Every structure is written in structure tokens, then in C-alpha cells.
Protein chains: 2
Amino acid sequence: MTLPPWKVGELASRTGMSVRALHHYDEIGLLSPSLRTPSGHRLYQQADIARLQQIQSLRLMGIPLEEVKQLLDGAAMSPREVIDLHLARLHEQLALQNRLAERLQALATHLDMVESASIDDLCQIIQVTIAMEKYFTTEQLEVLRERRTSIGDAHMHEVRDEWNEIIPKVRKAITDGVDPASPEIIAIARRWKALVEEFTGGDPKIAQAVRTMYEHEGPTLQQQLGEVPTPDMFAYMGRAFAALEQSSR
Amino acid sequence: MTLPPWKVGELASRTGMSVRALHHYDEIGLLSPSLRTPSGHRLYQQADIARLQQIQSLRLMGIPLEEVKQLLDGAAMSPREVIDLHLARLHEQLALQNRLAERLQALATHLDMVESASIDDLCQIIQVTIAMEKYFTTEQLEVLRERRTSIGDAHMHEVRDEWNEIIPKVRKAITDGVDPASPEIIAIARRWKALVEEFTGGDPKIAQAVRTMYEHEGPTLQQQLGEVPTPDMFAYMGRAFAALEQSSR
DNA sequence: GTAACTCCTCACGTTGCGTGAGGTGCAAGA
DNA sequence: TCTTGCACCTCACGCAACGTGAGGAGTTAC
């Protein structure tokens, strides 16, 4: 007893595919029904249905139709090769997507820092976000992200304000030729150090990376952050830190 | 002093884009040069270049061109919304991709278990792999995967062989009406238990899940694995285990 | 007989360009 | 000045896997 063949609609509803998909499979020669009615209606027999089930299995693994076709038509590819190849491609894609997701996450936290919503600012912040990838390792970025969320939004602005207060003072001290070992500069150095440690979590590698970044990307960062330390400030404050060390002994 | 405008080729090489991409941006109205020579050559001015840089920034975040366009043309979307929306989409995709990758990993280890390379077998194994997702949690699947790799290929075949030896014996014992508390059945129960514990790592939840799976998917699994325990065997062996417990006291 | 389905074959749309095809503009050497 | 060669132009197809009509014919139930 042979079962009557199925028409597309029936096959579609029974297999959960769309009629269009079955048409498509026919078009590309992946699954052509072995029978047609005189008027041209597709009739699928047992063998066709079996093939469709195989196709569905392979599609569940995300294998592209062209490769499914080659596999089922017995081309020169072992299942193992196909799976391994596909897995490799998937991992590549995943790596890319993950990098994108990390970027977007970083961008989102950066967006929380500033209150602006202009497109120009957004693009600037993207630049900063991308630039940071060059100066910090993935783990360091992770640490920074955590620091930022733990510091919180409100305090973040206080920190910004404090930098905006300190940096002009340092600039003025440099142009005025004030001795970095003088008491008022040492007081500033103490505040500076506290700010840095709060931001970097005390990791000297991160502090160094921050410094390198400011040296290379100063102008870009300045547009977003406001006051930003320049290389000569780092040098000057270095001497102030030395004096701070001495005085605290 | 205004700089001379750039032609496509020049803009392309300086920004790292392809000429075709710039043409495309022009076609879709994303970036149309503000000038053309009388002969129709595109001339990009400073404003155009700035816009291109913004486009590049947004594209680095994987934002689709249509949304980039709307953003830059000041449509009703805040940067925040766009980023959040895009991040959500990305996470969705990542979840899908990760599931696929897990499936493929599981499939690969399953492929290592059997030596066959036929397409039919591959599709069967895919079915099994998918079916397992219904009976085990993600963590359980992870545990099983680790068990399998730690057991190793060679020993895996010994295990299979032992099942193929034990199961017919149990079947025969059932049809022959042998008492499950009889010594030979208790001996078999001891081996059975050892096999199960080796496979499940001693986790009773996994053992239960395996049993449920065999009850529902018996025929499918049998085609791939060979001998497979049936519900009546589980019941029978349950009584044998009880006898084993008693005797070992 | 006709209404209501189901089926058929085009054929465009999707995303972001790559890759020619065939033709013109422009700067420099013979 | 003429030619050579490079840069530029505008179509237009291709990709992956179908979704979504459009317009028309076959099938089935009342």
C-alpha cells in the first residue's frame, strides 16, 4: 500500500515549512518533487519527504543550502569537514559579534557619562571608545567599565568637575614656574593621585595606558571630556609626586 | 584659504573606503557630494568629508546605513535609543549564534563517537543532538560533553560494546521470566549501574533525564546507537537494583 | 454552476556593497 | 596636437534565503 503523494500546501503544513520555501528549494534544485500533476501541481512522494527531513536537519545546524545540496547529492565533502568548516566560520562570526557587542557596551556606558545627546557628540564618543581599544587590553577595559558603574553617575560628574578644577591650576603653575615641590602643588598632587587611583583601581598598568592614550589622543579626548592633562603636565606632576613621596617619609 | 575639493578616488584612498561604497552612499542619499564638475565628476568638500567621518564612526558600531542616515538627517531617534536598540538586536543574534555553536559542538563530539560518515547517519545524529536539548539542561549537556571527552574514543566503544552485550541478556531474562533478584541478574545490575555512573558522572538527575529520553526517543536512538534500553527494561532493572541494595547490606 | 481554496509562474525587495561592461574626462609624453 | 593611460561616469547583475504580492488557472464542495 503506497500512500498518496502530497501537494505543497500539505507538505508545508506537515513539516512546518512555508510553501515559498519549498518552491525555492525546487528552483535551486535542492528538492524537486518527483511527480507533477498534468496541470503542473507538485506532488511529493515518500523519498521527497525523507529528503526534506534531511534538509531540515542540516538547516537546523545552520548549514547553507548550497552545502546541504552538495552533501545530499554526494559531492566530495565528508560530514566531518562540513561541520568543522561551518563551526570555524561560526566562531569567526561570533568573535566579530562579540567585539561589536563589547564596543556597544562601552559606548553605552560612555553615553551615560555625558548628558549630551547630539549626533556630533555621539560620533566623538565612538571615536574615543574605538581609540581606547588601542591603548587598553580587553581585561583592562572590563575593569574600567566596572569601575565606572561602581563609581556611579553622580560621583562621576564630581570627578570630572574636580579634574576641571585641578588641571587649569597645574597649567598655571607650570607657566608661572612654580616649584613642583611647593606645598600647594604637593596638595594638588595628592588630590590628583587620589583621582587616578579611584579611576584605575590602583592598577599602575592602567594608569600608564591612560597616560599614553592622553599623549596620543589629547585633542580628540579634550573635545569630549573638557580639561585633559597634557604631556608636560604629566612630567611636572611626576616631579610633584617625587616630592610628595619624600615629604610623606 | 579653502582647500580644493576631493574627487572620489582621492576621498576613497584617504578614508580607506572603496569608490563603490561612496557611489553607493550617493545612490541611497546617505552622502551626496555637494559639488559636481560639469562633466559629472563628484567633488567632496569639507562638510562632506566630515559627514563621511560620522558615517564611518556609526558604521564601526554596526549600525545599518538606513539608521545612520536617519540619525544624521536628524530624524526622531535619540542616539541612546539607537544604541540600545542595536545592542538588543545584537544580543538576540548572539544568543542564536551561541545556540548554534553549542549544537555544532555537541554534534561534533557525537560524530566522534561513531565511525560512520554517511549522510543518513549525520542527519540521524543531528536529530539525536537536537532531541537531547529537550531532555537535558544546558549545564547537563556540558557535563555530558566533558564526560565524553574524558572517557575517550577507545573506551567509548568498549562501553557501547558492553551495552550491546548486556541489553539482549536483560531482554531475554524478561521474556524468560527470570527473577530480577537472581544472582546472574544482580551481576548484570552491577555492571549496568557502573556503566550508568560512568556516563552520568553519578548525577541522578542526568540519569533520570537519560531514562526519560530513552522512553520518548527509543526508536530514533536505536538506529544510531544499536541496543537501547526500553521502558520495561528500566522497570525490570529497577527491581534488580532493589535486590542489589539488599544483598550488599 | 459557482464560490472558495489551493496551486502555478513571474518578479521585486531585503543588506552593503563587489565586480565587471561599456563609455567619457583629463593630464602628460611623442 | 595626438595619443596613451588612468580616473571617472552610469547601468546592472550577484549574493542568501526566502517574504510578499500580482495575475491567472486548477480543484473541490455545495
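The shown structure was predicted, so the numbers you read here are calculated from the model rather than taken from an experiment.
Rounded to whole Å, the distance from CH2 on A/W6 to C1' on C/dT6 is 17 Å. Atom-to-atom, CD1 of A/I55 to P of D/dC18 comes out at 10 Å; the value is rounded to the nearest Å. Remark: P of D/dA16 and CD of A/Q70 are 12 Å apart, rounded to the nearest angstrom. Atom NZ of A/K69 and atom C1' of D/dA16 are 14 Å apart (whole Å). For the pair B/R20 CZ and C/dA21 P, the computed distance is 15 Å after rounding to whole Å. Distance NE2 (A/H24) to C1' (D/dG19): 11 Å, rounded to an integer number of Å.
Comparing B/I63 and A/E27 by the nucleotide of DNA chain C whose heavy atom lies nearest to each, the residue mapping closer to the 5' end is A/E27.
How far CZ of A/R103 is from CD of A/E133: 4.5 Å, rounded to the nearest 0.5 Å.
Note on A/S18: only backbone sugar-phosphate atoms sit closer than 4.0 angstrom, heavy atoms only; bases stay farther off.
At distances below 3.5 Å, not a single donor-acceptor pair connects side-chain atoms of A/E102 with backbone N or O atoms of A/T138. Looking at A/H41, its side chain never comes within 3.5 Å of a backbone N or O of A/K7 through a donor-acceptor pair.
At the phosphate of D/dA17, neither OP1 nor OP2 sits under 4.0 Å from any side-chain N or O atom of A/Y25.
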Report task. Take B/R20 and B/H23 through the test side-chain hydrogen bond (donor to acceptor under 3.5 Å, both in side chains) and record every step on the way to the result. Result -> CA-CA 5 Å; B/R20 178 62 179 108; B/H23 282 180; 5.3 Å; no
Per-nucleotide protein contact along nucleotides 2-10 of chain D, 5' to 3', at a 4.0 Å heavy-atom cut-off (B base, S sugar-phosphate only, - neither), is ------SSB
